[in-house]
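Protein chains get the first letters and strands the later ones, always in sequence-line order, with residue 1 at the start of each. None of these values were measured; they are calculated from a predicted model. No hydrogens, no waters, no symmetry mates; every other heavy atom, side chains included, goes into these values.
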Amino acid sequence: MIITFPDGAQRTFENGSTSLDIAKQLSNSLAKKVLSAKVNGEIWDITRPITADATLQLLTWGDTDAKRTFWHSSAHLMAEALESLYPGIKFGIGPPIENGFYYDVDLGDRVLSSNDFESIEKKMKELAGKNNAYIREEISKSDAVAYFTEKGDEYKLELLEGLQDGDITFYKQGNFADLCKGPHIPDTGAIKAIKLLKVAGAYWKGDEKRKQLTRIYGITFPNQQELDDYLKLLEEAQKRDHRKLGKELGLFTFSDKVGAGLPLWLPNGTFIREKLVDFLKEEQIKRGYKPVITPHIGKKDLYITSGHYEKYGKDSFQPIRTPEEDEEYLLKPMNCPHHCEIFKAFPKSYKELPYRVAEFGTVYRFEQSGELHGLTRVRGFTQDDAHLFCTADQLKDEFKSVIELIRYVFKRLGFSEFTAQISLRDPENKEKYIGSDENWEKAERAIVEASEEMGLSTVTELGEAAFYGPKLDFMVKDAIGRSWQLGTIQVDYNLPERFQLEYIGADNEKHRPVMIHRAPFGSLERFIAILIENCAGNFPLWIAPKQVAIVPVSEKFIPYCEKVLNFLESSDIRGFIDYRNEKIGKKIRDAETSKIPLMLVIGEKEVDAETLSVRKHGSGDIGSMDFEAFKTYFDNLLNN
RNA sequence: GCCAGUGUAGCUCAGUUGGCCAGAGCAGCUGAUUUGUAAUCAGCUGGUCGGGGGUUCGAAUCCCUCCACUGGCUCCA
């Protein structure tokens, strides 16, 4: 048979050779490293015979697919260890994930905590040391059902229900057999370094109405060094956690007395926040947005009209009642209903479209208690919200303009790594969505084309659209790899309908506008959280609350420092003098730990020569320069 | 909301199987020191051990409950 390699090279091998055989013939060192193989585009066990001409790519640890194979096999190894330690437990699913793997198990009445990790890891290492082979076995559905019936594992039986006879495989290693389509590494011996990371509850099939299983997360590596490096990386990431830095840098805080999920912005955090708001306000005005302001509450009726009350009313903060008339008001969970009323305040002509109203609107949502998380998931937050009312024909251009804005914002704030996701409706379930087919097609096409024309690389997800329209979301990862949605652009056919929004067209007839919700930051809280983690607290110079620390060598030089401060102020540079009676090393250390971008050390030399001795955060002494040179240096950093 | 874990001074953490008046470092305050590129020295202040209830002669430590936080699950207009 002829095997074609990724570089296009072709070689003949004996029919029935496995990928491992082939690897051995190519190079012994390669054969030792290969974990799985892509045969005709499908990931296979390397011990599985290839029986016809095929394309073959040998996968080693560096390949994501090989890692997945390795971790999938590790999940089986953990399952084997668990079964041997806790006989009679039942298994859900145990897949590889981005970093490691997990297995969902039903432990019966047993409770597992991280205290048990050590004994499980020990057992896993013991089993791994046996070099047991992972053996693939095709099995009939009836035999598979019989096996798990005998074992009493209702979860596996439920999984079997969804599988076709003839399409079912088991993998066995040691004393453990699992329903699994594979592939796996050849044997457990390759798994050298093992670390269990966390336990969590996870609903069976992700359904909160069903039983909660115990999910155990772990990660494994082919050698100890890789594991150590990984753990080190996690540790480093934790230092960037916005909750930690927020405390250390005095950005924000929470108080039990005020309430969970209700952030209190401290002066430094407020400074950054206001810088961002001013920046975006200015950019929006340049792009034809009109700032508006609406109240924090609105009558219940408003949200009955918008439909939010029906969908979220029970799970929201409950209505506030007026003392006498017994009217009910809700804390606003969204700005759009108010903005719809703004649109309706005066009759609109097609000549006024697109009509763009923008508001930094604070909203309140009763998030589930287990969901609250630092600034990324809170109960009171401010959206950089705007609503664009336009005609269907204007959709695409509006989208392009918002994409441009979001990319500009991300660029200015150093978000180089983000993903853009287009969420379209599920073509199988069109009845789940509001709005006509024609409108949906128009809107979806507008999003796809706008993204293409802007050169934005996107992933498209079918069925992820909101019920009221398709959307485009921008996601950025936090310090520990969780992905958060920041910027968003959403088309809405629902609210214009519910609020009976209209404009007069060129034909002198009434028409319904389309509405776009959009927010480049998403929420200021979440955006700033991710910003903190992205820059590790070293904010871009233009938003740093304090830009320059003036550090006198002794108090004799304070008059000169004040002259320096005056100069900074007249140059629009935010400086302050460290007047404390401390040694110079201490003052520098404090400025470094509080991540002040620049320090000016002032002593006798500087006074005599009318210069400044500049020190940059993280880089140390830069050297001395005169006032004007410093200004130039600063401006360069500012515009970077 | 669910599962598991955690909660000691403003911050980071000690506090052995329940047993003197609950400790340290940093921060803060006072004083000395006048300093040349990441921590000067000394003294002092500061805690209803998350809240409430219980067991006990005795609880930071054991039990119950509520609250908050951490990691997941579900949710996220």
Side-chain angles (χ1 to χ4, degrees), chain A residues 97 102 104 107 111-116 197-217 238 241 243-244 247-248 250 253-257 259-261 303 306-313 315-316 332-337 363 365-374 376-379 381 383 466-468 480 482 484-485 488 490 492 494-495 517 522-523 526 549 551-558 580-594 599-606 613-624:
Chain A
I97 51 177
Y102 67 79
D104 284 347
L107 295 161
V111 171
L112 196 80
S113 83
S114 49
N115 295 331
D116 302 303
L197 298 169
K198 50 206 176 198
V199 267
Y203 300 106
W204 173 236
K205 297 248 172 174
D207 182 345
E208 66 179 318
K209 291 187 186 67
R210 306 199 62 177
K211 190 171 162 97
Q212 191 161 49
L213 307 178
T214 303
R215 176 169 296 178
I216 306 163
Y217 289 88
Q238 269 156 18
D241 192 307
R243 292 164 299 185
K244 187 175 155 65
K247 201 177 266 178
E248 287 171 3
T253 189
F254 289 91
S255 147
D256 283 3
K257 272 217 168 65
Y303 301 101
S306 72
H308 293 117
Y309 188 79
E310 198 197 340
K311 197 159 164 50
Y312 295 101
D315 303 318
S316 296
K332 75 174 167 187
M334 296 210 73
N335 302 299
C336 27
V363 297
R365 298 178 183 174
F366 189 79
E367 304 291 359
Q368 296 187 86
S369 60
E371 266 313 321
L372 300 175
H373 180 90
T376 53
R377 195 80 187 268
V378 288
R379 286 181 174 157
F381 57 97
Q383 296 178 313
F467 73 94
Y468 51 78
I480 48 178
R482 288 178 291 209
W484 295 91
Q485 179 211 301
T488 181
Q490 312 186 359
D492 190 339
N494 181 42
L495 287 182
H517 309 254
S523 92
R526 178 176 291 178
V551 185
V553 169
S554 93
E555 70 185 12
K556 288 195 293 246
F557 312 112
I558 284 178
R580 292 175 309 163
N581 180 7
E582 292 287 352
K583 295 184 81 165
I584 183 78
K586 168 72 166 167
K587 291 188 229 182
I588 286 172
R589 181 185 153 79
D590 286 350
E592 289 283 355
T593 55
S594 50
M599 285 148 261
L600 299 176
V601 178
I602 305 298
E604 199 169 348
K605 280 184 291 191
E606 287 70 29
S613 182
V614 183
R615 186 186 163 99
K616 189 166 178 245
H617 169 71
S619 339
D621 200 351
I622 299 290
S624 58

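Under the Watson-Crick or G-U wobble criterion, with both distances below 3.5 Å, A32(B) is paired with U40(B). The partner of U56(B) cannot be assigned: no Watson-Crick or G-U wobble pair with both contacts below 3.5 Å exists in any strand. Pair assignment for U6(B): A68(B), on the basis of Watson-Crick or G-U wobble contacts that are both within less than 3.5 Å. Pairing for C73(B) goes to G1(B), judged as Watson-Crick or G-U wobble with the two contacts each under 3.5 Å. Summarising the base pairing, G23(B) is matched to C13(B) through a Watson-Crick or G-U wobble pair whose two defining distances lie under 3.5 Å. Within the shown strands, nothing qualifies as a pairing partner of G47(B) under the Watson-Crick or G-U definition with both distances less than 3.5 Å.
Heavy atoms from other residues, nucleotides or ligands lying under 6.0 Å from CD of Glu604(A) number 12 at most.
Nucleic acid contact for Ser306(A): none, since no nucleic acid atom lies under 4.0 Å from a heavy atom of the residue. Nucleic acid contact for Ser316(A): base, since at least one base atom lies under 4.0 Å from a heavy atom of the residue. At a threshold of 4.0 angstrom between heavy atoms, the contacts of Ile584(A) are confined to the sugar-phosphate backbone, with no base atom among them. Ala202(A) comes within 4.0 angstrom of the backbone, heavy atoms only, and of no base. Here Glu310(A) lies out of heavy-atom contact (under 4.0 Å) with every strand. Counting non-hydrogen atoms under 4.0 angstrom, Lys605(A) reaches a base of the nucleic acid. Gly206(A) comes within 4.0 angstrom of sugar-phosphate atoms only, judged by non-hydrogen atoms across all strands, and of no base. Note on Tyr217(A): only backbone sugar-phosphate atoms sit closer than 4.0 angstrom, heavy atoms only; bases stay farther off. Residue contacts for Arg482(A): at a heavy-atom cut-off of 4.0 Å it reaches the sugar-phosphate backbone alone, with no base atom in range. Gln485(A) comes within 4.0 angstrom of nothing in the nucleic acid, heavy atoms only. Among the heavy atoms of the strands, none lies under 4.0 Å from Glu248(A). At the heavy-atom level, Val363(A) lies nowhere under 4.0 Å from the strands shown. Among the protein residues, Gly585(A) comes within range of the sugar-phosphate backbone only, with heavy atoms under 4.0 Å from sugar or phosphate atoms but none that close to a base.
Along RNA chain B, the nucleotide nearest Tyr468(A) and the nucleotide nearest Leu213(A) are compared for position; the residue whose nucleotide lies closer to the 5' end is Leu213(A). The residue among Ser113(A) and Gly374(A) whose nearest nucleotide of RNA chain B is located toward the 5' end is Ser113(A).
In this model, the phosphate group of C76(B) is not approached by any side-chain N or O of Arg365(A) to a distance below 4.0 Å at OP1 or OP2. At A27(B), one or more side-chain N or O atoms of Lys586(A) fall inside 4.0 Å of OP1 or OP2 (strictly under the cut-off). OP1 or OP2 of G1(B) sits under 4.0 Å from a side-chain N or O of Ser369(A). Side-chain nitrogen and oxygen atoms of His373(A) include at least one within less than 4.0 Å of the OP1 or OP2 phosphate oxygen of G71(B). For C69(B), neither phosphate oxygen OP1 nor OP2 lies less than 4.0 angstrom from any side-chain nitrogen or oxygen of Arg377(A).
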- Annotated protein contacts, base or backbone, on nucleotides 7-18 of chain B with a non-hydrogen cut-off under 4.0 Å, one of B, S, - each: ----SS------

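Straight-line distance between the C1' atoms of U8(B) and C29(B): roughly 23 Å, to the nearest whole Å. Only the C1' atoms considered, C64(B) is 50 Å distant from A38(B), to the nearest whole Å. Between G28(B) and U37(B), the two C1' atoms lie 26 Å apart (nearest whole Å). As rounded to the nearest Å, C2(B) and G58(B) have C1' atoms that lie 38 Å from one another. The separation of U70(B) from C13(B), taken at their P atoms, amounts to 14 Å, rounded to a whole angstrom. A14(B) and G7(B) are spaced 9 Å apart, taking the P atom of each and rounding to whole Å. Comparing the same atom, P, in U61(B) and in C49(B) gives a spacing of 10 Å after rounding to whole Å.
The side chain of Arg215(A) lies closest to C73(B) when the candidates are A38(B), A4(B), C73(B). Listed nucleotides U34(B), C3(B), U37(B) differ in distance to Lys556(A); the shortest reach to its side chain belongs to U34(B). When the nucleotides C69(B), A77(B), U35(B) are ranked by their closest atom to the side chain of Leu372(A), C69(B) comes out on top. Of the candidates G1(B), A77(B), G36(B), the closest approach to any side-chain atom of His308(A) belongs to A77(B). Of the candidate nucleotides G72(B), G36(B), U35(B), U35(B) has the atom nearest to the side chain of Ser554(A). For Tyr312(A), the side-chain atoms get nearest to C76(B) when compared with the rest of U70(B), C76(B), U35(B). Nearest to the side chain of Lys198(A), among G72(B), C69(B), A77(B), sits G72(B).
Counting only heavy atoms from C-beta outward, the side chains of Glu592(A) and Arg615(A) approach each other to under 4.5 Å. Looking at His517(A) and Cys336(A), their side chains come closer than 4.5 Å, going by heavy atoms from C-beta outward. Tyr203(A) places none of its side-chain heavy atoms less than 4.5 Å from the side chain of Arg210(A).
A donor-acceptor contact under 3.5 Å is not formed by the side chain of Tyr203(A) with the base of G72(B). Donor-acceptor pairing under 3.5 Å, judged by distance alone, is absent between the side chain of Glu367(A) and the base of C76(B). Contact of Arg615(A) with A38(B) (side chain to base): a donor-acceptor pair of N or O atoms is detected under 3.5 Å.
Here the options are Arg377(A), His373(A), Arg379(A), the test is side-chain hydrogen bond (donor to acceptor under 3.5 Å, both in side chains), and the partner is Glu367(A); only Arg377(A) passes.
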- Task: Report the C-alpha distance between Arg243(A) and Asp241(A) in whole Å, list the side-chain angles of each, state the deciding distance to 0.1 Å, and finish with yes or no for salt bridge (charged side-chain N to carboxylate O under 4.0 Å, His left out).
- Result: CA-CA 5 Å; Arg243(A) 292 164 299 185; Asp241(A) 192 307; 2.5 Å; yes

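Without hydrogens or angle criteria, Glu310(A) side chain to Gly307(A) main chain gives no donor-acceptor distance under 3.5 Å.
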